[in-house]
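Sequence positions, counted from 1, serve as the residue numbers for this chain. Order of appearance sets the numbers: ligands from 1, and atoms from 1 within every ligand.
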Amino acid sequence: MLPTIVLLLGLAGAFVCWRVFRSTRPPLPPGPPADPLIGHLRVVPTENQAAIFHDWSQRYGEIIAIEALGRTMVILDSVAVATDLLEKRSAVYSDRPVFTIYNMIGFTPALVLLPYGKQMQKHRKILHANLTPTACLAWRDFQTENARRLSALLVQQCEEYERLFNWFTTALTMKVAYGLDITPENDKYLEIADDSTFMLNNSGPPGGTPVDLFPFLQHFPSWFPGVYYANFARKWRHKVRRFYEVPFEKVQKDLAEGKAQPSMLATELDQLFQTDSATPENIDDIKGAAAQIFIAGSETTSSALLVFLLNMVLHPEVQKRAREELDRVLGRERLPEFSDYDSLPYIECVAQEVLRWYPVAPLGVPHQSTEDDIYKGMFIPKGALVMPNLRGMSQDEAVYANPKEFNPSRFLSKPTGNQEPFFSSAFGFGRRICIGRHLAYNSLWIVVATILATCEISPAVDKDGKDIKIDIAYTTGITSRPKPFACNIRRRPDIF
Ligand code: HEM
């Protein structure tokens with residue numbers, strides 16, 4: 001009896017201390033009403049999170065907090081707040097939460113998942129050296145050539161547009177990382193890469209599966225409720241590991257035989273061997289950095305290309321205006337090149353509007369705070385998940401007039417346009433900002449320019465010749481893309 005009384009008194013004491021502590025510290029950022037004990041568990045959305053969080057922010061403010069299962073999640077809905085925390089206080093907000101399922105699947109080491117620290121800095125240094133604006137110049141001819149191939153293939157196999165966009169971005173990322181040439185059909189490496197993407201897209205809400213929330217569940221038997229994704233990860237892990245190992249071994253072999261193509265992996269491995277620093281740890285880090293280029297760079301960029309295509313189906317007037325600019329500059333005699341960039345301001349605006357209109361990583365990648373912090377009188381505890389709501393920021397009516405509208409002219413100077421700022425936040429913030437953004441933007445720009453210069457995009461028609469209406473819907477995940485829609489892509493009749 002006595003031990004039970006002592007235990008109950010202890011628990012009651014702890015509860016009182018916790019209440020006193022909570023009442024003396026500043027309040028958390030505001031948020032929707034919570035239930036006793038379970039907090040916001042019942043109201044945390046599992047679908048359309050970014051849109052729902054944005055609605056909440058309209059009611060509660062540009063920074064909101066929700067609590068569930070002992071975890072605080074802070075959602076940032078304006079560029080100003082995200083800049084204040086993720087950039088100006090980046091010493092506190094540059095960590096990542098542990099993604100147990102991704103680790104189990106074998107996406108390791110991967111910069112995007114690494115906690116803030118030495119290994120993360122090492123990966124950023126390796127990737128940065130190969131992805132600066134200057135380093136990206138080396139891939140421009142490849143991007144231009146493949147954008148032309150892509151536009152020709154789109155005309156021939158219009159209904160295959162999603163597969164073709166995936167090929168374009170996989171071919172680029174595999175070239176940059178490994179120097180491999182990937183063909184659009186039946187390529188062994190394309191298949192290995194696709195398996196990896198499948199794993200990424202089918203492994204549950206990022207960081208939000210029961211095993212991510214309660215990592216001890218991974219040790220429970222497969223029939224136990226909540227263990228589904230752990231089983232999935234164990235069963236298919238070999239596919240992801242195959243992606244890490246197979247291209248790596250090919251490059252290592254080619255290097256030894258003196259026939260490796262230029263690539264990030266070849267450069268970095270060569271340097272390791274030259275400097276006698278090819279330890280297993282260093283090799284593993286370079287292997288992970290190379291794999292990361294495809295894993296973080298392929299799906300994201302092809303999703304942005306889908307957003308572009310969708311909007312071209314919906315906006316013939318944008319195509320018309322873009323073509324007038326292209327024809328004026330290129331004289332219908334040649335195809336666009338990167339050297340035309342400054343002469344094609346409207347094309348730049350189309351590419352930028354794609355990034356704003358639907359950010360393909362709607363909630364970015366969660367950051368995690370490493371210290372208790374107070375911001376504008378609100379308490380943000382150590383270990384809080386801090387999510388920049390990129391989708392919400394892109395819809396900020398204080399910055400973008402009619403934000404739902406796809407309107408590239410919004411960025412042009414007044415009086416032609418509305419002089420609104422480009423949406424650079426599509427690539428995240430601070431010390432974790434997207435390291436592949438220059439490569440990604442180059443891909444987007446050259447594909448936009450080449451397709452608009454060579455193709456006409458229109459809605460598909462039904463058997464009565466009527467336009468098929470598009471019901472816009474998106475996939476759910478860490479990246480999100482438009483679900484398939486019908487369209488027609490023809491070669492421009494008046495082009496050389
Ligand atoms: C349109 C295409 C792309 C978009 C919209 C995009 C967006 C993002 C976003 C929002 C983040 C999270 C940043 C943060 O935590 O604040 C990120 C991280 C990252 N991105 Fe991208 N990305 C794209 C293409 C690429 C490409 C082509 C590569 C590689 C070549 C790449 C590599 C990475 C890596 C490695 C990270 C993790 C950085 C870190 O955790 O330190 N991304 N990206």
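Residue-level proximity to ligand 1 for Leu390 is carried by the side chain, the only part with a heavy atom below 4.0 angstrom. Of the heavy atoms in His123, none comes closer than 4.0 Å to ligand 1. If you look at Gln292 next to ligand 1, the close heavy atoms, those under 4.0 Å, all belong to the side chain. Counting heavy atoms under 4.0 Å from ligand 1, residue Val176 does not touch it at all.
Atom 10 (C) of ligand 1 has Ala426 O, 3.4 Å as its closest protein atom, hydrogens excluded (heavy atom only). Among protein heavy atoms, the minimum distance from atom 38 (C) of ligand 1 is reached at Arg124 NH1, 3.4 Å. Here the protein heavy atom with the shortest distance to atom 40 (O) of ligand 1 is Arg96 NH2, 2.8 Å.
Among His128, Arg432, His438, the residue whose heavy atom sits closest to atom 39 (C) of ligand 1 is Arg432.
Exactly one residue among Arg431, Gln368, Arg96 makes a side chain to side chain donor-acceptor pair (under 3.5 Å) with Tyr116. That residue is Arg431.
Residue pairs satisfying the salt bridge (charged side-chain N to carboxylate O under 4.0 Å, His left out) criterion with at least one member in residues 470-482, sequence neighbours excluded, are listed as follows: Glu162-Arg481, Glu299-Arg481, Lys469-Asp471.
Between Tyr358 and Tyr474, the gap from one ring centroid to the other is short of 6.0 Å. Within the 6.0 Å centre-distance limit, the rings of Trp445 and Phe338 are counted as a close aromatic pair.
Put simply, the side chain of His40 gets close to the backbone of Glu67: a donor and an acceptor are under 3.5 Å apart. Between the side chain of Gln292 and the backbone N or O of Ala110 there is no donor-acceptor pair closer than 3.5 Å.
Between Tyr341 and Tyr441, the ring-plane angle classifies as perpendicular under the 30° and 60° cut-offs.
The set of protein atoms (N, O or S) found at less than 2.8 Å from atom 21 (Fe) of ligand 1 reads Cys434 SG, by chain and number.
Judged by a 6.0 Å distance limit and a 45° cone about the ring axis, Arg89 is not positioned over the six-membered ring of Tyr375.
Counting only heavy atoms from C-beta outward, the side chains of Leu444 and Val448 approach each other to under 4.5 Å.
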